[in-house]
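For this chain, numbers begin at 1 and follow the sequence in order.
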Amino acid sequence: MTSTTDRGLGWEHQKQRERLIKDHVDGSPCWWCALPMFRDRTSNWDFDPASADRASGSLAADHSHARAHGGTHSDRLLHGYCNKSRGDGSRDHLRPAVTGLDPMDTRGEDDPLGIRLLGWP
């Protein structure tokens with residue numbers, strides 16, 4: 001298993017996240033989903049009180065130039081779920097802020113692809 005530092009999420013990334021959190025204005029929209037973001041993780045839409053994940057609902061430092069494509073600097077915050085959904089940035093044009101889809105409706109209970117409007121053959 002690689003460490004967070006090995007993946008480019010070490011001390012420098014943590015300091016960048018701290019700076020972004022410090023400068024964050026509660027209620028600012030998330031670039032990915034356009035829903036408001038809050039420092040208090042329990043106020044964010046992706047907070048799950050039943051989750052064993054201690055970071056549930058936390059804001060994540062995102063690289064607008066994705067790490068998968070050489071990005072090294074975290075320059076914005078996203079909801080944790082949104083940051084994971086963004087992945088390598090290849091689906092940025094499909095983000096809920098652009099498509100108008102509700103990110104809360106895109107999480108399927110048992111389906112890793114989320115809820116689909118049409119059945120897949």
Side-chain angles (χ1 to χ4, degrees):
M1 177 183 240
T2 60
S3 71
T4 55
T5 301
D6 292 338
R7 292 182 313 202
L9 301 172
W11 177 249
E12 186 60 34
H13 177 77
Q14 293 170 29
K15 296 306 280 182
Q16 290 169 3
R17 181 182 180 276
E18 286 176 18
R19 179 186 49 80
L20 290 167
I21 292 284
K22 181 179 137 303
D23 295 341
H24 176 69
V25 176
D26 274 347
S28 297
C30 173
W31 178 82
W32 181 263
C33 72
L35 293 175
M37 298 184 294
F38 302 95
R39 284 187 190 100
D40 175 9
R41 67 187 187 98
T42 64
S43 297
N44 290 316
W45 73 267
D46 59 340
F47 173 69
D48 179 1
S51 174
D53 181 4
R54 295 183 322 143
S56 174
S58 294
L59 299 178
D62 181 52
H63 302 75
S64 58
H65 181 78
R67 288 185 306 122
H69 303 292
T72 58
H73 183 73
S74 303
D75 57 354
R76 64 182 172 203
L77 292 171
L78 301 180
H79 295 107
Y81 181 84
C82 296
N83 191 42
K84 290 174 187 166
S85 297
R86 180 172 184 252
D88 67 1
S90 63
R91 299 182 333 267
D92 284 355
H93 63 290
L94 298 174
R95 67 187 193 272
V98 172
T99 62
L101 295 175
D102 184 345
M104 292 179 268
D105 288 341
T106 61
R107 297 188 294 180
E109 292 290 324
D110 299 322
D111 188 342
L113 296 177
I115 297 169
R116 290 169 278 158
L117 299 177
L118 299 173
W120 194 255

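Considering CG of L77 and OG of S58, their distance stands at 11.0 Å, rounded to 0.5 Å. The line from CZ of R19 to CG of D75 is 8.0 Å long, rounded to the nearest 0.5 Å. Remark: R41 CZ to S56 OG distance equals 6.0 Å, nearest 0.5 Å. L35 contributes atom CG, which lies 6.5 Å from atom CG of D102 (distance to the nearest 0.5 angstrom). N44 contributes atom CG, which lies 9.0 Å from atom SG of C30 (distance to the nearest 0.5 angstrom). Between Q16 atom CD and H63 atom NE2 the span is 6.0 Å, to the nearest 0.5 Å.
Among residues two or more places apart in sequence or in another chain, the side chain to side chain contact (heavy atoms under 4.5 Å, CB included) test is passed with D26 by H24, F38, R39.
Counted by atom type alone, W45 and H79 present one or more donor-acceptor pairs between their side chains at under 3.5 Å. The closest side-chain donor-acceptor pair between S90 and D88 falls under 3.5 angstrom.
Checking side-chain atoms of S28 against main-chain N and O of V25 turns up a donor-acceptor pair under 3.5 Å.
In this structure, the side chains of I21 and L59 come closer than 4.5 Å at one or more pairs of heavy atoms. Residues R86 and L78 have side chains in contact (heavy-atom distance under 4.5 Å, counting atoms from C-beta outward). Proximity of D92 to W31: side-chain heavy atoms (C-beta onward) are separated by under 4.5 Å at one or more points. Using a 4.5 Å cut-off on side-chain heavy atoms (C-beta onward), D62 and S74 make no contact. Side chains of F47 and P49 form a contact here, defined as non-hydrogen atoms less than 4.5 Å apart.
Taking the ring centre of W32 as origin, the terminal cationic atom of R95 falls outside the region bounded by 6.0 Å and 45° from the ring axis.
Contact record, A60 with R17: CA-NE, 4.5 Å, taken as the closest heavy-atom pair.
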Check against salt bridge (charged side-chain N to carboxylate O under 4.0 Å, His left out), K15 and E12
CA-CA 5 Å; K15 296 306 280 182; E12 186 60 34; over 6 Å; no
